[in-house]
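Labels below follow one simple rule: chain letters A, B, ... track the order of the sequence lines, proteins then strands, and each chain is numbered from 1.
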Amino acid sequence: MPRFITELKRTHSCGELTRTDVGNEVVLFGWVNNRRDHGGAVFIDLRDRAGVTQVVFEHGVRPDVHDLAGQLRLEYCVGIRGKVVSRGENANPRLATGEIEVHATDLEIFNRCEPTPFLVEDKIDTSEEKRLQYRYLDLRRAPLQKTLMTRAKVNHLTRNYFTDSNFLELETPFMGKYTPGGARNFLVPSRLNAGKFYALAESPQLYKQLYMVAGFDRYFQIVRCFRDEDLRLDRQPEFTQIDVEMSFVEQNDVFEVIEGLIVKLWKEVLGVEIPRPFLRMPFDESMAKYGNDKPDLRFDLPHVVLTDVVAQHGGGGVPLLKQAIEAKGIVKGLRVPASASFSRTEIDKLEEFVKGMGAKGLARAKVAEGGEWTQSPFAKTITAELRQAINQAMGAKPGDLLLFQFGKEAVVHTVMANLRVHLAKRMGLIPEYGSGGQWRFLWVVDPPLFEYDEESKTWAAAHHAFTRPRDQDLQYLETDPGRVYCWRYDLVLNGFEIGGGSIRLHDPVVQARVFKAMGISDEEARSKFGFLLDALKMGAPPHGGIALGMDRLVMLLTGAESLRDVVAWPKTQKGTDLMTGAPGDVDAKQLRDLHVKSTVEPGK
RNA sequence: GGGGUGUUAGUUAAGCUGGUUAUAACGCCGGCCUGUCACGCCGGAGGACAGGGGUUCGAGUCCCCUACACCCCGCCA
């Protein structure tokens with residue numbers, strides 16, 4: 001028998017043989033996806049990343065090969081040689097290669113396989129814990145193989161798109177200087193510099209701006225970023241950004257380039273035409289109507305801000321509302337149409353849901369024929385005037401359910417934003433996972449430059465300190481910082497933030513005023529960002545850019561339920577790698593070399 | 001730091017108001033079978049019920065704590 005690999009080279013993948021190959025001799029390599037042993041004939045579904053082909057071993061053809069085939073088990077890695085034969089009447093329409101099969105004349109078992117911890121099949125039937133522990137087996141499954149192939153395609157298309165548009169792919173350091181603010185950094189102790197630490201880059205932000213100063217006026221990079229923050233369904237501690245920066249541009253120029261990329265990706269990957277230009281919405285409108293800056297626009301269910309209405313009526317006889325107004329809180333309502341018909345029990349469940357997010361409760365009212373409220377804690381005390389005003393503001397109709405939140409602005413927004421999405425899923429307006437075939441792209445634009453930090457009683461940069469304020473707002477920089485809006489933008493798709501960026505502040509004079517408004521002294525600014533401030537004084541061009549969350553893009557493109565399904569080797573919610581056991585212990589000598597001493601007691 | 005869901009053969013699940021030997025399917029092992037494709041048939045092995053503590057005559061089942069996984073709040077400029 002000739003040797004596989006050295007003498008018998010692979011001629012085809014397991015996904016490409018068709019009728020036209022009938023009669024040809026082929027060599028296939030792959031894994032045993034399934035076996036059906038009939039004694040005199042053994043059927044094997046042979047799988048590689050391209051697909052599955054049925055291979056038949058018949059006793060009458062080659063008794064020795066047939067005997068060996070009898071040893072085959074799931075996930076054995078094998079090579080076969082044989083002849084392509086039409087299956088005629090026995091064709092399997094569920095298989096892409098179902099019209100043919102290969103009658104094997106040679107077989108080599110490259111490697112046997114112990115019983116796997118779970119069956120390698122398309123529709124997985126095991127815990128995510130097991131999948132992550134044996135990730136290389138999980139990755140053998142066709143859905144994940146397709147996802148990673150899509151990911152590779154997105155990489156490829158992105159590189160071509162930017163390269164064709166005269167962008168340069170330039171790299172930036174992962175190990176840099178720790179800069180305060182923003183995401184928590186992973187730290188790397190320096191062996192050569194006792195007591196000093198590198199920080200892993202949370203993004204290439206500063207370096208890409210310095211590329212602009214250096215004159216590389218169109219930059220992009222598909223780059224890994226590191227953030228030591230708690231994980232979520234759409235957040236991993238290391239993730240990939242499509243990072244872009246351009247000189248001599250305004251916001252519209254950035255949108256133009258990015259929309260072009262998105263349209264291309266959706267067309268090439270999904271065959272879907274995305275209309276341009278994308279919708280735009282001011283940040284304040286998004287907060288008011290949806291409670292966050294990443295609204296899912298596949299459904300309506302808007303919030304109604306009732307703060308002013310309630311204030312005008314002095315709380316309308318409801319003590320809780322009065323207190324909320326007096327404490328400078330806000331009041332929001334959400335109208336659930338009568339058609340949704342939530343039962344009392346279901347509404348109580350909604351209340352549990354919102355309490356888990358910091359809500360004190362879930363005030364509700366069912367609207368009766370005459371506009372009266374029933375099943376409501378407010379029904380008895382609220383004045384008819386306020387009730388009517390709220391009904392009118394919310395467009396309430398008989399049978400509708402009105403839900404309310406009031407109190408601290410941030411909590412009300414968060415609770416109502418999550419409630420809105422939760423309701424939409426319960427009402428079947430959007431699926432639990434996936435796009436449902438709807439792609440609602442949105443630019444959220446024009447946010448405030450600062451947000452007030454209750455703890456430190458200071459104005460902090462809502463994003464980063466190098467975002468360009470709107471020219472017409474510069475007059476308020478010293479007197480009323482909350483009125484200063486800026487050239488910042490987020491790209492949102494179906495409730496996910498898939499990108500964000502800004503036009504940068506390249507004017508050193510304005511930069512100094514921004515730092516001052518933030519209560520940052522010149523010395524402090526110098527010590528933290530001196531290199532960038534110097535650079536801005538040396539002919540820095542006007543510039544701006546954006547970073548797209550590459551993993552999230554792929555997650556949405558593939559309909560994956562979580563970022564973990566589009567990252568080949570992801571971490572668990574506690575940031576561990578269940579396959580390798582990282583993070584792990586290191587020995588005392590390593591720590592000594594790094595001038596590091598752990599504060600954790602041994603055994604803890 | 002907080003709220004929620006879960007953890008029973010290799011895997012997925014069943015196991016009721018606590019009761020004697022903890023079931024099933026797939027996988028695995030042995031045997032039979034030449035047209036299966038969720039192949040079929042016969043036989044077999046395989047379990048510290050996540051860990052610890054408690055209640056009880058008796059705990060997979062009830063209570064408490066811990067660990068791990070997942071979802072969310074905080075956090076993520």
Find the distance [X]:[atom1] to [N]:[atom2] and express it as a whole number of Å.
{"X": "A/Arg232", "N": "B/rC76", "atom1": "CZ", "atom2": "P", "answer": "11 Å"}
{"X": "A/Tyr76", "N": "B/rG27", "atom1": "OH", "atom2": "P", "answer": "14 Å"}
{"X": "A/Glu128", "N": "B/rU7", "atom1": "CD", "atom2": "P", "answer": "16 Å"}
{"X": "A/Asp230", "N": "B/rC70", "atom1": "CG", "atom2": "P", "answer": "12 Å"}
{"X": "A/His422", "N": "B/rC72", "atom1": "NE2", "atom2": "P", "answer": "13 Å"}
{"X": "A/Asn292", "N": "B/rC73", "atom1": "CG", "atom2": "P", "answer": "10 Å"}
{"X": "A/Glu352", "N": "B/rC73", "atom1": "CD", "atom2": "P", "answer": "17 Å"}
{"X": "A/Phe118", "N": "B/rC28", "atom1": "CZ", "atom2": "P", "answer": "15 Å"}

Go through [options] for me and flag the one nearest to the [X] side chain.
{"X": "A/Arg184", "options": "B/rC75, B/rC70, B/rA69", "answer": "B/rC75"}
{"X": "A/Arg235", "options": "B/rA69, B/rG10, B/rC75", "answer": "B/rC75"}
{"X": "A/Pro115", "options": "B/rG74, B/rC28, B/rC72", "answer": "B/rC28"}

For [N], the Watson-Crick or wobble partner whose two distances fall under 3.5 Å:
{"N": "B/rG6", "value": "B/rC68"}
{"N": "B/rU12", "value": "B/rA24"}
{"N": "B/rU61", "value": "none"}
{"N": "B/rC37", "value": "none"}

I'd like to know if A/Arg227 reaches the base of B/rC75 with its side chain such that a donor and an acceptor end up less than 3.5 angstrom apart. no
Does OP1 or OP2 of [N] have a side-chain N or O of [X] closer than 4.0 Å?
{"X": "A/Ser562", "N": "B/rC70", "result": "no"}
{"X": "A/Ser127", "N": "B/rU12", "result": "yes"}
{"X": "A/Thr414", "N": "B/rC73", "result": "no"}
{"X": "A/Lys574", "N": "B/rA69", "result": "no"}
{"X": "A/Thr126", "N": "B/rC26", "result": "no"}

Same-atom distance ([atom1]) from [N] to [M], integer angstrom:
{"N": "B/rC29", "M": "B/rA45", "atom1": "P", "result": "16 Å"}
{"N": "B/rU61", "M": "B/rA14", "atom1": "C1'", "result": "13 Å"}
{"N": "B/rA69", "M": "B/rG51", "atom1": "C1'", "result": "15 Å"}
{"N": "B/rA25", "M": "B/rG3", "atom1": "P", "result": "42 Å"}
{"N": "B/rC41", "M": "B/rC57", "atom1": "P", "result": "49 Å"}
{"N": "B/rG4", "M": "B/rG19", "atom1": "C1'", "result": "33 Å"}
{"N": "B/rG2", "M": "B/rG46", "atom1": "C1'", "result": "42 Å"}
{"N": "B/rA9", "M": "B/rU21", "atom1": "C1'", "result": "16 Å"}

A/Phe226 ring center near A/Phe174 ring center (under 6.0 Å): yes
Between [X] and [Y], a side-chain donor and acceptor under 3.5 Å:
{"X": "A/Gln71", "Y": "A/Arg112", "value": "yes"}
{"X": "A/Glu16", "Y": "A/Thr97", "value": "no"}
{"X": "A/Gln209", "Y": "A/Gln205", "value": "yes"}
{"X": "A/Arg235", "Y": "A/Gln573", "value": "no"}
{"X": "A/His413", "Y": "A/Lys332", "value": "yes"}
{"X": "A/Asp446", "Y": "A/Tyr489", "value": "no"}
{"X": "A/Ser562", "Y": "A/Asp565", "value": "no"}

My understanding is that only residues two or more places apart in sequence, or in another chain, count here; which of them pass side chain to side chain donor-acceptor pair (under 3.5 Å) with A/Asp490? A/Arg488
Does [X] reach a base, just sugar-phosphate, or nothing at all? Heavy atoms under 4.0 Å.
{"X": "A/Thr467", "value": "nothing"}
{"X": "A/Arg131", "value": "nothing"}
{"X": "A/Gln205", "value": "base"}

Test A/Tyr290 against A/His303 for ring-ring contact (aromatic ring centres under 6.0 Å, His included), laying out the working first. CA-CA 6 Å; A/Tyr290 308 110; A/His303 300 168; 7.1 Å; no
For nucleotides 31-39 of chain B, give me one character per nucleotide, 5' to 3': B if any protein heavy atom sits under 4.0 Å from the base, S if the only such contacts are to the sugar-phosphate, - if neither. --BBBBBSB
If you pin A/Lys355 and A/Leu119 to their nearest nucleotides in RNA chain B, which one's is more 5'? A/Lys355
